[in-house]
Student: 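Submitted below is the structure of interest, expressed as structure tokens.
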Amino acid sequence: MKKKFPEIPAVPAVLLSIISVQGSASIAKGIFPVLGAASTSSLRIGFSAIILCLFNRPNLKDMDRAQWKAVSLYGLALGAMNVIFYMAIARIPLALGVALEFIGPLALALAGSKRMVDFIWVLLAAAGIALIAPWSNNGLDVIGMLLALLAGAFWAGYIVLGGRISKIMDGGKAVSIGMVFATALVLPIAIGDGLLTNFKPSMLATGLVLALFSSAIPFTLEMQALRKIPAKTFSILMSLEPAAAAFSGLIFLHEFLSLFEWLAVVLIIIASVGSTLTTKNSVHASPES
């Protein structure tokens with residue numbers, strides 16, 4: 001009888017997932033000078049779609065109209081979130097891009113709340129944004145910051161759509177088909193910017209690495225972890241992503257943050273953790289953050 005390969009414990013699995021996602025983002029940003037943000041995003045999403053479809057082998061014949069509508073919107077939100085985020089970190093440091101993107105899920109978690117404690121998290125997040133806002137010529141790109149916030153808005157939409165689709169479709173099937181729709185959105189943008197012509201066969205390995213470490217591996221690790229720990233615990237751990245992005249940017253991209261920028265990242269992390277602890281339902285849990 002064959003022994004099963006031991007599963008990674010839940011907390012290390014989530015931490016490895018975070019490292020995988022942020023490390024792959026650093027790799028992606030490293031090839032922006034050659035391919036640009038849109039083409040790099042199309043490379044990542046396209047390869048991810050191929051890998052997930054081969055692995056999950058979704059059956060398209062048994063899908064009804066409601067499922068097609070849901071999965072198409074889900075995939076388009078996923079594609080927009082990814083390409084806009086890559087456009088953002090092409091202009092601003094990775095850590096700040098991730099921190100600002102987190103405002104989307106945070107706003108979703110706090111939407112409609114009237115409790116005083118939740119306003120504390122809003123104020124902390126607002127203070128974080130204020131610390132990195134270009135009130136003076138601090139070298140930060142305003143468009144990059146706005147793009148990161150827009151990516152966060154699509155992330156919030158992706159979470160809402162993901163919650164709805166999970167009730168009518170298998171998760172693996174939804175993500176696989178959603179990635180195909182995401183590719184259909186991103187690929188024309190990549191073709192339009194003209195940098196996709198710089199793609200060479202030697203970059204296939206890079207595309208495969210991006211797809212594995214940004215989607216396939218973290219998705220698997222997170223699904224494994226979610227079977228063992230509460231969603232709230234998972235969300236608290238996921239709130240560490242901006243910190244992981246900061247260290248990833250520092251190590252791989254030599255992106256040094258100022259004291260105010262580090263403080264902004266910390267405030268947004270505290271706001272994210274705090275909102276997770278004080279809201280009934282966690283909305284940060286997402287394999288495609």
Side-chain angles (χ1 to χ4, degrees), residues 14-41 43-44 81-106 121 123-153 155 195 198 203 206 209-210 213-214 217-218 236-274 284 289:
V14 177
L15 296 177
L16 283 173
S17 169
I18 292 170
I19 292 169
S20 178
V21 169
Q22 299 309 325
S24 68
S26 296
I27 293 171
K29 187 165 182 176
I31 59 176
F32 283 179
V34 178
L35 290 182
S39 295
T40 303
S41 179
L43 193 66
R44 169 199 166 174
M81 175 183 72
N82 278 278
V83 71
I84 292 171
F85 175 70
Y86 272 21
M87 289 176 176
I89 62 171
R91 294 171 171 269
I92 61 176
L94 175 62
L96 299 186
V98 173
L100 289 171
E101 189 188 27
F102 252 72
I103 300 298
L106 177 60
W121 314 131
L123 289 173
L124 283 176
I129 295 174
L131 283 172
I132 54 177
W135 306 113
S136 59
N137 187 18
N138 58 4
L140 280 182
D141 189 295
V142 178
I143 294 176
M145 293 179 66
L146 292 175
L147 285 171
L149 291 170
L150 181 58
W155 188 3
L195 293 177
N198 293 336
M203 295 178 182
T206 303
V209 168
L210 279 178
F213 284 91
S214 67
I217 291 175
I236 291 170
L237 291 169
M238 291 300 288
S239 296
L240 297 174
E241 284 218 34
F247 286 109
S248 180
L250 179 64
I251 294 168
F252 297 111
L253 300 170
H254 308 293
E255 292 180 341
F256 296 90
L257 301 183
S258 69
L259 177 61
F260 283 161
E261 288 167 349
W262 273 108
L263 185 56
V265 169
V266 170
L267 287 174
I268 292 171
I269 290 173
I270 293 172
S272 182
V273 172
H284 296 277
S289 54

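In this chain, residues are counted from 1 in sequence order.
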Student: Do you know which two heavy atoms are closest between Ile270 and Leu124, and how far apart they sit?
Tutor: CG2-CD1, 3.7 Å
Student: Do Trp121 and Val273 have side chains that approach each other closer than 4.5 Å (heavy atoms only, starting at C-beta)?
Tutor: no
Student: Taking all heavy atoms of Val265 and all of Ala99, pick out the closest pair and write down the distance.
Tutor: CG2-CB, 4.3 Å
Student: With Phe247, which residues qualify under side-chain contact (heavy atoms from CB on, under 4.5 Å), at least two apart?
Tutor: Trp262
Student: Mind listing the closest non-hydrogen atom pair of Leu106 and Ser272 along with its distance?
Tutor: CD1-CA, 4.2 Å
Student: With sequence neighbours left out, write down each residue that passes side-chain contact (heavy atoms from CB on, under 4.5 Å) with Ala148, or none if nothing qualifies.
Tutor: Ala88, Ile92, Leu100
Student: How far apart are the closest heavy atoms of Ala245 and Val98, and which atoms are they?
Tutor: CB-CG2, 3.6 Å
Student: Using ring pair (Phe, Tyr, Trp, His ring centres under 6.0 Å) as the criterion, list what pairs up with Phe32, not counting sequence neighbours.
Tutor: Tyr86
Student: In Å and rounded to the nearest 0.5 Å, what is the CD1 to CG distance from Ile27 to Leu210?
Tutor: 6.0 Å
Student: Looking at Leu267 and Gly128, what are the two nearest heavy atoms and their distance?
Tutor: CD1-N, 3.9 Å
Student: Hey, does Ile143 have a side-chain heavy atom less than 4.5 Å from the side chain of Leu147?
Tutor: yes
Student: For residues Val34 and Met203, determine if any side-chain heavy atom of one lies less than 4.5 Å from a side-chain heavy atom of the other.
Tutor: yes
Student: With sequence neighbours excluded, give me every side-chain hydrogen bond (donor to acceptor under 3.5 Å, both in side chains) pair touching residues 26-36.
Tutor: Ser26-Ser248, Lys29-Glu255
Student: Can you name the residues that form a side-chain contact (heavy atoms from CB on, under 4.5 Å) with Ala243, not counting sequence neighbours?
Tutor: Ile269
Student: What closest approach, in Å, do Leu149 and Ile129 show between heavy atoms, and which atom pair accounts for it?
Tutor: CD2-CD1, 4.5 Å
Student: Applying side-chain contact (heavy atoms from CB on, under 4.5 Å), run through Met238 and Ile18 and close with a yes or a no.
Tutor: CA-CA 7 Å; Met238 291 300 288; Ile18 292 170; 4.1 Å; yes
Student: Tell me which pairs pass side-chain hydrogen bond (donor to acceptor under 3.5 Å, both in side chains) where either residue lies in residues 30-41, with sequence neighbours left out.
Tutor: none
Student: Using modelled atom types and a 3.5 Å cut-off, is there a donor and acceptor pairing between side-chain atoms of Ser20 and backbone atoms of Phe213?
Tutor: yes
